[in-house]
Protein chains: 2
Amino acid sequence: MSDGTQIRIDLDASTPVNRQIVDQIRTLLVEGVLPPGADLPSVRRLATDLGVHFATVADAYRTLAEEGWLEISHGRSARVLPRRAPAADREADELFRRRLRQLVAEARSQGVSAKKIASELDSLAKGMTP
Amino acid sequence: MSDGTQIRIDLDASTPVNRQIVDQIRTLLVEGVLPPGADLPSVRRLATDLGVHFATVADAYRTLAEEGWLEISHGRSARVLPRRAPAADREADELFRRRLRQLVAEARSQGVSAKKIASELDSLAKGMTP
DNA sequence: TATAGTGTTTATAAACAGTATACAGTGAGC
DNA sequence: GCTCACTGTATACTGTTTATAAACACTATA
């Protein structure tokens with residue numbers, strides 16, 4: 001992640017910028033694009049790339065640190081931690097199911113075709129097993 | 001939807017209540033649980049059931065009306081409109097793909113198993129074709 | 001034409017998001 | 001050791017959003 005090209009911020013979106021950053025970096029972490037030991041760009045660097053204030057990026061880093069993904073300490077750049085997934089949780093399962101249903105409903109509502117949605121779900125499911 | 005049992009609000013969630021209501025009702029609309037012509041509960045009634053202020057529910061109804069799902073007019077109860085899905089939109093497709101990726105990543109991060117996720121994606125994809 | 005129902009409007013308080021600025025720790029090079 | 005350029009932190013401040021409250025206005029019906 002030497003450049004910020006993998007993250008895109010939409011200032012007009014209804015989801016706040018700090019959460020956009022958290023969500024997108026978390027995705028890279030889960031997918032292994034940012035492996036344990038990797039250094040993240042400094043808050044100022046990433047903020048400049050994204051066109052937001054560095055405090056907003058710092059806030060996002062803090063959130064990810066609280067989730068156990070990052071080690072952040074004063075004066076040093078943020079680093080990806082090795083992280084074991086927390087224990088499975090019935091509540092998290094249920095929440096995922098509901099949010100997935102809602103996301104699909106919203107997509108349909110916006111005109112995304114059933115075929116397209118099914119194919120995205122399928123391809124993601126296929127890539128899931130490893 | 002004579003009772004509010006199909007909607008559940010989490011006051012501690014990070015997503016605001018008005019959006020929780022919108023998302024859940026939209027899901028019912030897309031899935032046909034609330035068919036065109038159906039009357040929705042009054043804002044006061046639903047608000048009481050959910051434990052929030054009726055202005056919050058009114059705000060949610062207004063959002064769904066702007067999306068073309070509901071007809072609301074002063075003094076009469078909200079009613080579900082027949083609604084044709086908007087034209088497919090490449091941007092909406094892309095946004096759906098990204099948000100789906102992020103949702104899955106978040107679930108994994110919270111300990112939902114790959115198997116569980118894959119099975120949810122699968123079963124949703126299967127039920128998609130109609 | 002009451003009256004009990006509906007959603008709307010305006011005002012308010014609290015929480016949140018984003019920024020600016022001053023601060024403090026770290027480490028490489030001198 | 002010192003310095004300098006880099007890191008993240010803390011506090012204060014602004015505008016926005018969220019949720020509520022209360023007064024309002026429209027509709028249906030008895």
Are B/Asp93 and B/Arg97 close enough for a salt bridge, meaning some N to O gap below 4.0 Å? no
Of B/Thr56 and B/Arg44, whose nearest nucleotide on DNA chain D comes first from the 5' end? B/Thr56
Over how many whole Å does the gap from B/Gln20 atom CD to D/dT17 atom C1' extend? 15 Å
Show me the donor-acceptor pairs within less than 3.5 Å that the side chains of residues 81-92 of chain A make with the rest of the protein, sequence neighbours left out.
unit_1, atom_1, unit_2, atom_2, d
A/Arg83, NE, A/Glu67, O, 3.0
A/Arg83, NH1, B/Ser109, O, 3.3
A/Arg83, NH2, A/Glu67, O, 3.1
A/Arg83, NH2, B/Ser109, O, 3.1
A/Asp89, OD1, A/Glu91, N, 2.9

Quick one: label B/Arg19 by what it contacts on the DNA or RNA (base, sugar-phosphate, nothing), any heavy atom closer than 4.0 Å. sugar-phosphate
I want to verify a distance call: between D/dT18, C/dA24, C/dT8, whose nearest atom is closest to the A/His74 side chain? C/dA24
Reading DNA chain C from 5' onward, which residue's closest nucleotide shows up sooner: A/Ala55 or B/Ala55? B/Ala55
Nearest to the side chain of A/His53, heavy atoms from C-beta on, is which of C/dT21, D/dT20, D/dG8? C/dT21
From C/dG18, D/dT7, C/dT19, pick the nucleotide closest to the side chain of A/Ser42? D/dT7
To the nearest angstrom, the CZ-P distance between A/Arg79 and D/dG8 comes to 12 Å
d(CZ, A/Arg45; P, D/dC6) in whole Å: 12 Å
Side chain of B/Phe54: nearest nucleotide among C/dT8, C/dT6, D/dT7? C/dT8
Rounded interatomic separation in angstrom, taking CG from B/Asn18 and C1' from D/dT20: 13 Å
Spacing of B/Leu46 atom CG relative to D/dA19 atom P, expressed in whole Å: 14 Å
Provide, to the nearest angstrom, the distance between the CG atom belonging to A/Asp59 and the C1' atom belonging to D/dT9. 12 Å
